[in-house]
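Reminder, nothing fancy here: chain letters follow the sequence lines and each chain counts from 1. What you see below is based on every heavy atom in this structure, not just the backbone, and it leaves out hydrogens, waters and symmetry mates.
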Number of protein chains: 2
Amino acid sequence: MAKRVTISDLAKELNTTTSTISRALRNHPSISISMRKKVSELAKQRNYQVNSMAANLRSGKSMTIGVIVPHINRDFFANVISGIEEVAKKEGYSVVICQTKDKIEKEKKCIETFLRTRVDGVLVSVGLETDTFDHLDQVKKMNVPLIFFDRVQESSNSMSIVNDDVEGSFQGVSHLLDEGYKRIAIFAGPEHINIYRNRKQGYLNALDKRGIKIDKKLIVFNNLSYDAGVESIKELMKLQNPPDAIFSSSDYCAVGALHWLKTNGYKIPEDIGIVGYSNEKFTSFISPSLTSIDQHSLEMGRYSAKTFFDLIKSDKKDIILNSLSINPKLIIRESSKRKRI
Amino acid sequence: MAKRVTISDLAKELNTTTSTISRALRNHPSISISMRKKVSELAKQRNYQVNSMAANLRSGKSMTIGVIVPHINRDFFANVISGIEEVAKKEGYSVVICQTKDKIEKEKKCIETFLRTRVDGVLVSVGLETDTFDHLDQVKKMNVPLIFFDRVQESSNSMSIVNDDVEGSFQGVSHLLDEGYKRIAIFAGPEHINIYRNRKQGYLNALDKRGIKIDKKLIVFNNLSYDAGVESIKELMKLQNPPDAIFSSSDYCAVGALHWLKTNGYKIPEDIGIVGYSNEKFTSFISPSLTSIDQHSLEMGRYSAKTFFDLIKSDKKDIILNSLSINPKLIIRESSKRKRI
DNA sequence: ACAAATTATGCAAACGATTGTTTGAATATT
DNA sequence: AATATTCAAACAATCGTTTGCATAATTTGT
């Protein structure tokens, strides 16, 4: 392994010390302008690059933030990551990514790694399985800033950047009602995850507001996958009084239902209306295109990162208050646009 | 910032030295079993966690690999990353991700960061803009293993993990011919990117093999975006002798064309057949579902990482030979299944 | 012109591990 | 009993920076 140029190589060559070089490179005011120029020129010439490992060890900061998501390859998370990376890069930070595939074991492993590598902060969206939080408490105990986005640990008093999911599904369901649908079913997710519980709540609220009685048969809990959508719609359509619209807490699950309905002769949106959640990219590609709820994922990522930087720059007094709830946006497409009856 | 427990805290408590602790924790054979047990117990009790910054500085390895992709939120890349992360994690390595959005400037920034943070290796898929390679040469000059995947720098003698894109598009186009399509157009991408050049080549080969004359009007260069697909198909259909099938080097571009065709009254696959490339998730969701070419992205990620680990474990003599070309797989869906004429 | 303030640089101790080289004790060999 | 071999642990240097403090050189104030 070829030796890389170090700060002391440069120091020798300029007949000065490492401290001067170090300061010069970082534009420390106590170094004369002329010296700074000499140093930075030599550095460029010798192709010097700071050894972050050393710098970080000494300064106690890793200039790295760890991000934990269930799935990298979901538009929503990919966009959040994108947003995080964007602002992190601007601040000179790197982003390390860890994927849990919704497994709590993997989530724990991620945390361990992050703690070992001394990331300066952890941004996390917890997995479906996650119903115990020792691993996350660890992070706080170690005094590492912990920020939740989207799927949060509610028992924690950490900051969190979330959508107003109640509002989102309220809008989605209200829209279906506006379009004249009468019996709206919901694909609901695990109750212990805030976002799914909230989405169900929004559904309930919307029906409630119009004085529509809740029919428990129309509330279907599943794991929100494509396959689950297929299975659930099958069951629903067997009811003697089947729904005329589906509000799904996930786009994937919605598409499963949509496909089953199409191949079984139902017309969408004429016979059945569908609204999904998350505004995945494919929602605009499929046919009929799927009405969905956009979560401003990129913004959420940006804001999560921004919150982290605000936090570490602050005097850690005004910690608690800048949690944020972002308003989601209903994107109306074909799957729910029925002519009014 | 609360002080974390260090190796020397443990040493003091056990009346021994840091070297013994360090070795004990790593199960070094020259430490007695009893000692190892004592140490690991205390470590657990005190909740000790190795400070990777220090360990890495001393050992000269960052236990980190840097991955550069154009877009995180493309199924293909997300899956590759997934594969990389999977095997990296198994080897105790972290994955740092950098997104270039196809901009060469961002690509350069990524490389700089990676060099500073002393990643142990760089896995990269170059951006559309990338036509100069100084920044990548830098990596090799610094003796950091560099491995290309999918979009490679061909002038380099670095290892690369790619698809056999010539074969992939050969199959795609041959399939269209088998289905009875006669005038097949291609959406081709930038010629300086290996994959797009190869995909075009496969197209040419397939036509050639059947003795079909190439019509230059049917070869359309664009940036392969959705919008480009819309624009290009518009132009193509204005020809006095328009195509009856499209082979697109990208799924996104294919969908753009597909939508335009649908909304303009063309029947797919009856009037026009379409084949895309990459097997993005949405290809199976859209209607008609899109025939595409699967690139075994997850495998590609795994293999890229595996190649890296093989490399650093070897004596660096058998470096050159394990580049790999993975055979893509044609996934036939509705958009190209025309009844034979 | 002399003490005081300012500016620029050097010194040396960290940061927290890893690792090559002793050392000392215990065990084996002859 | 004297020497050689093993085993386990200690010593000390090192990785490449950053940073508080001391110092030398220069400028300023009066």
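- We find that NZ of K12(B) is positioned 11 Å from P of dG16(C), with the value rounded to whole Å.
- Nucleic acid contact for S30(B): base, since at least one base atom lies under 4.0 Å from a heavy atom of the residue.
- Atom CG in L14(A) sits about 11 Å away from atom P in dT9(C), given to the nearest Å.
- OP1 or OP2 of dT18(C) sits under 4.0 Å from a side-chain N or O of S22(B).
- Mapping A54(A) and S59(A) onto DNA chain D by nearest heavy atom places A54(A) at the nucleotide closer to the 5' end.
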- Task: List the steps, then state whether side chain to side chain contact (heavy atoms under 4.5 Å, CB included) holds for V126(B) with F148(B).
- Result: CA-CA 8 Å; V126(B) 302; F148(B) 291 93; 3.9 Å; yes
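- In summary, R302(B) and E299(B) engage in a salt bridge, as defined by a charged side-chain N under 4.0 Å from a carboxylate O.
- Atom NZ of K12(A) and atom OG1 of T17(A) lie 12.5 Å apart (nearest 0.5 Å).
- Contact between the side-chain N/O atoms of Y48(B) and the OP1/OP2 oxygens of dG16(C) is not found at any separation under 4.0 Å.
- Atom C1' of nucleotide dT18(D) and atom CG of N51(A) are separated by 13 Å, given to the nearest angstrom.
- You'll find the side chain of T113(A) stays beyond 4.5 Å of the side chain of I111(A), heavy atoms only.
- In this model, the phosphate group of dC11(C) is not approached by any side-chain N or O of T17(A) to a distance below 4.0 Å at OP1 or OP2.
- Within the 4.0 angstrom heavy-atom criterion, only backbone atoms of the sugar-phosphate kind lie near I31(B); the bases stay farther away.
- Contacts of S19(B) with the nucleic acid, taken as non-hydrogen atoms under 4.0 Å apart, include base atoms.
- dA25(D) atom P lies 15 Å from atom CE of M35(A), rounded to whole Å.
- To the nearest angstrom, P of dA9(D) lies 10 Å from CZ of R36(B).
- A salt bridge is absent between K306(B) and E86(B); no separation between the charged side-chain nitrogens and carboxylate oxygens falls under 4.0 Å.
- The minimum heavy-atom distance linking K101(B) with H71(B) is given by the pair CA-CE1, 3.9 Å.
- The side chain of R26(B) has dT18(C) as its nearest neighbour among dA9(D), dT18(C), dA10(D).
- For K38(A) and dT9(C), the NZ to P distance is 8 Å, given to the nearest whole Å.
- Backbone-only engagement by T6(A) is indicated by non-hydrogen atom pairs under 4.0 Å involving sugar-phosphate atoms exclusively.
- One N or O donor and one acceptor, one from the side chain of R23(A) and one from the base of dG20(D), sit under 3.5 Å apart.
- Looking at which nucleotide of DNA chain C each of S34(A) and T18(A) is closest to, the 5′-most match is held by S34(A).
- Counting distance only, with no hydrogens placed and no angle test, the side-chain atoms of R58(B) and the base atoms of dT18(C) include a donor-acceptor pair under 3.5 Å.
- Separating the NZ atom of K61(A) from the C1' atom of dT17(D) is a distance of 14 Å, rounded to the nearest angstrom.
- Distance, N56(B) CG to dA17(C) C1': 10 Å, rounded to whole Å.
- Heavy atoms of N15(B) sit under 4.0 angstrom from primed sugar atoms or phosphate atoms, though from no base atom.
- As judged by a 4.0 angstrom heavy-atom cut-off over every strand, M53(A) is placed among residues making no nucleic acid contact.
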